[in-house]
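Structure record follows, encoded as structure tokens.
Note: hydrogens, waters and symmetry copies are ignored here, and every other heavy atom, side chains too, is used. Labels below follow one simple rule: chain letters A, B, ... track the order of the sequence lines, proteins then strands, and each chain is numbered from 1.
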There are 2 protein chains.
Amino acid sequence: MPRQNLNIRQLAEKAGVSTSTISRVLNNSGYVRQEVRAHVERIIAETGYIPSGIAKHLKSSRSNMVGVIIPRINSFASSEITAGISTELAESDLMTILGNSANSPDAEMNYIEIFKRQRVCGVIILATVLTERHLEAMNDLGVPVVVVGQDASASGFPSVLQDERRAARQITDYVLRCGHRRVGLIGVADWDVQVGCERKGGWVDALRAAGIEPRPEDIALGGFDLTDGAAGIDRIVPFVSDTTPTAVVAVTDRLAIGAMSRLLERRTRVPDEVSIVGVGDIDVASVYSPKLTTIHFDYFGTGKAAAEMLIATLDGETTDLRRVMPFDLRIRDSVSILD
Amino acid sequence: MPRQNLNIRQLAEKAGVSTSTISRVLNNSGYVRQEVRAHVERIIAETGYIPSGIAKHLKSSRSNMVGVIIPRINSFASSEITAGISTELAESDLMTILGNSANSPDAEMNYIEIFKRQRVCGVIILATVLTERHLEAMNDLGVPVVVVGQDASASGFPSVLQDERRAARQITDYVLRCGHRRVGLIGVADWDVQVGCERKGGWVDALRAAGIEPRPEDIALGGFDLTDGAAGIDRIVPFVSDTTPTAVVAVTDRLAIGAMSRLLERRTRVPDEVSIVGVGDIDVASVYSPKLTTIHFDYFGTGKAAAEMLIATLDGETTDLRRVMPFDLRIRDSVSILD
DNA sequence: GTGAAAGCGCTAACAA
DNA sequence: TTGTTAGCGCTTTCAC
């Protein structure tokens with residue numbers, strides 16, 4: 001029966017006690033005689049009374065809502081991170097409020113304001129870019145903020161990051177160890193600090209460490225789509241010859257798959273004629289044919305870590321200002337051994 | 001500067017007006033002299049005042065929060081649906097509160113209570129199963145509920161559904177039109193009404209309409225993982241011969257890809273030796289090799305539709321009790337033409 | 001047009 | 001141990 005939800009006063013009346021006693025029973029605070037507690041609990045069960053969290057938080061002025069800003073929830077990494085965040089928050093009875101920013105800085109700013117209005121107790125932001133305006137707004141928020149995917153520790157915000165540069169370096173090292181000397185790069189624009197700069201940087205590091213100077217003509221920069229991967233490979237390896245790269249590092253798995261898909265259309269064999277690697281280990285990487293050699297990131301764990309850091313801050317504990325997530329190399333079938 | 005957020009009373013004092021006037025300016029309600037409005041607005045801008053939504057809703061007792069229960073946000077369909085929901089809700093200034101149920105009915109029940117406590121103004125639930133307990137709790141909620149993926153219209157809940165049975169029937173029809181007479185099924189357990197029963201039902205419908213009686217030995221039921229797809233194909237088509245199916249319908253793309261991946265390992269050619277189709281059109285379906293012939297569902301649109309129905313109900317408008325989303329057949333390269 | 005005052009449902013001193 | 005009371009920050013009659 002869909003009963004009218006009553007309030008604490010009506011309940012108190014029904015139970016023949018004061019509202020404070022109800023409140024004490026509800027929150028297990030203060031002293032309540034055992035019998036009274038039992039009686040109140042029975043009335044609560046009978047009436048199906050559910051207290052208003054909103055009124056409670058108005059009073060205590062600290063809510064249990066955490067705002068989470070996500071650029072694009074319908075992507076593998078984002079959705080895993082979100083799952084990690086909300087799972088961890090739920091453990092501490094915190095609610096996840098979703099802010100889908102669709103990669104628009106304006107929408108992000110807007111959500112920061114909305115979250116402030118809702119008096120969230122904290123915010124987790126997955127940003128591809130963090131401008132001065134963002135940082136300022138995050139400061140003005142007046143509640144703890146944790147950043148995922150960008151390093152904002154210099155501005156005082158706890159950040160959890162992938163070790164992008166070392167990851168890219170490591171997979172490039174692997175390609176080099178397989179005997180490839182001419183290794184191309186399918187990357188993304190530089191304004192994306194992590195994927196754009198850092199992963200590209202790791203590729204450069206690896207090449208230089210092997211005494212190879214990266215060549216501009218072996219680099220293709222674009223967006224994040226499958227088609228960008230296809231366009232990239234067409235640019236770097238328009239045909240297979242002695243003068244084109246024998247291997248290509250794509251900075252994301254999606255780009256790598258776009259590239260492999262294009263090569264298949266061109267009837268170029270992977271890895272026999274061209275080797276391809278990615279970064280990220282999205283779920284299809286391991287079932288694509290050939291199975292993609294890539295870097296595995298723990299996105300779910302990343303989300304969990306961010307939530308942990310936020311909770312710690314909320315509890316007044318101190319946390320690291322930077323947490324760098326581990327990664328590992330998943331060697332599969334998309335790289336040929338040349339030596 | 002991270003100013004202390006002041007309240008409406010302090011603001012009223014600063015502006016030299018009453019709190020009611022502030023409220024009127026804030027909500028564009030009632031009469032306020034033009035100059036006074038301008039003045040108040042300036043003060044608001046100067047102080048960076050942001051009103052507390054929580055206090056507002058305590059008073060008006062209608063919040064702007066919508067609870068969304070998702071079984072597993074880190075899956076392609078769920079995350080697309082969630083994106084659609086939150087995008088549409090945001091248009092109407094409604095917040096999305098995420099409830100990650102991890103497929104556990106208990107967690108779902110729990111979220112219903114949490115949402116009630118938070119006094120959400122509505123709930124959208126993506127359920128794989130809807131028990132009596134669910135329906136009862138949804139009734140007790142006292143706010144509009146929209147169901148996605150299951151038909152709860154009989155219980156009075158607006159539902160938005162995929163046309164699962166017709167979708168499965170249509171793709172099976174296509175396989176039959178290509179000349180296949182022996183068509184297997186990789187399915188999932190029956191407790192999943194939509195994917196388990198309906199999709200399987202569509203497969204049966206198509207076969208019977210073609211005068212073919214479905215054979216139990218051509219059916220493999222299991223879970224939703226890639227490995228279940230692999231196990232399924234091993235069971236139905238352990239080897240290629242005249243006595244095994246020439247084509248297999250997998251009830252999800254993920255299962256289809258698991259099956260194709262396994263066939264590749266077995267060096268069985270798709271579609272030359274065995275044809276495979278899926279349902280869902282997840283993002284990799286179109287880049288897998290061979291490109292997967294499947295049914296395309298508009299998951300983002302499904303989420304949007306659910307949100308629209310909820311908003312309409314909230315606004316006191318009437319909506320359909322059932323909304324069946326359209327789908328279309330995406331013919332690609334994973335079915336061989338036999339005739 | 002504007003302000004005073006009475007709550008929305010709860011918590012937390014303070015008294016008893 | 002329990003009840004009384006005064007708010008939390010806002011909206012909304014109802015006077016003026």
Residues at least two apart in sequence or cross-chain that pass salt bridge (Lys or Arg N to Asp or Glu O under 4.0 Å) with A:Arg323, listed by chain then number, are A:Glu308
Any side-chain N or O of B:Thr21 less than 4.0 Å from the OP1 or OP2 oxygen of C:dG3? yes
Measure from the side-chain heavy atoms of B:Ser20 and tell me the nearest of C:dA4, C:dA6, C:dT11. C:dA4
Go through B:Arg37 and B:Asn28 one step at a time and tell me if the side chain to side chain donor-acceptor pair (under 3.5 Å) criterion holds. CA-CA 10 Å; B:Arg37 177 181 299 275; B:Asn28 272 312; 3.1 Å; yes
Any donor-acceptor pair under 3.5 Å linking the side chain of [X] with the backbone of [Y]?
X	Y	answer
A:Ser63	A:Arg119	yes
A:Arg72	A:Asn74	yes
A:His57	A:Ile54	no
A:Asn27	A:Ser23	yes

Nearest-angstrom distance from the residue atom [atom1] of [X] to [atom2] of [N]:
X	N	atom1	atom2	result
B:Arg119	C:dC8	CZ	P	14 Å
B:Leu58	C:dA6	CG	C1'	14 Å
A:Asn7	C:dC8	CG	P	7 Å

Can a donor-acceptor pair under 3.5 Å be found between the side-chain atoms of B:Lys59 and the base atoms of C:dG7? yes
With nearest nucleotide decided by heavy atoms, which residue, B:Ala55 or B:Gly16, maps closer to the 5′ end of DNA chain C? B:Gly16
Short N-O contact, A:Arg9 and A:Glu13, less than 4.0 angstrom: no
For residues 25-44 of chain A, which residues have at least one heavy atom under 4.0 Å from DNA chain D? A:Tyr31, A:Val32, A:Arg33, A:Val36
With heavy atoms under 4.0 Å as the rule, sort B:Ser52 into base, sugar-phosphate or nothing. sugar-phosphate
Is the ring pair B:Phe115/B:Tyr111 parallel, tilted or perpendicular, if the boundaries are 30 and 60 degrees? tilted
What are the 5'-most and 3'-most nucleotides of DNA chain D lying under 4.0 Å from any heavy atom of chain B? D:dC8 to D:dT12
Do you see a donor-acceptor pair shorter than 3.5 Å between the side chains of B:Ser104 and B:Ser101? no
Which residue lies more 5' along DNA chain D, comparing A:Arg24 with A:Arg9 via nearest heavy atoms: A:Arg24
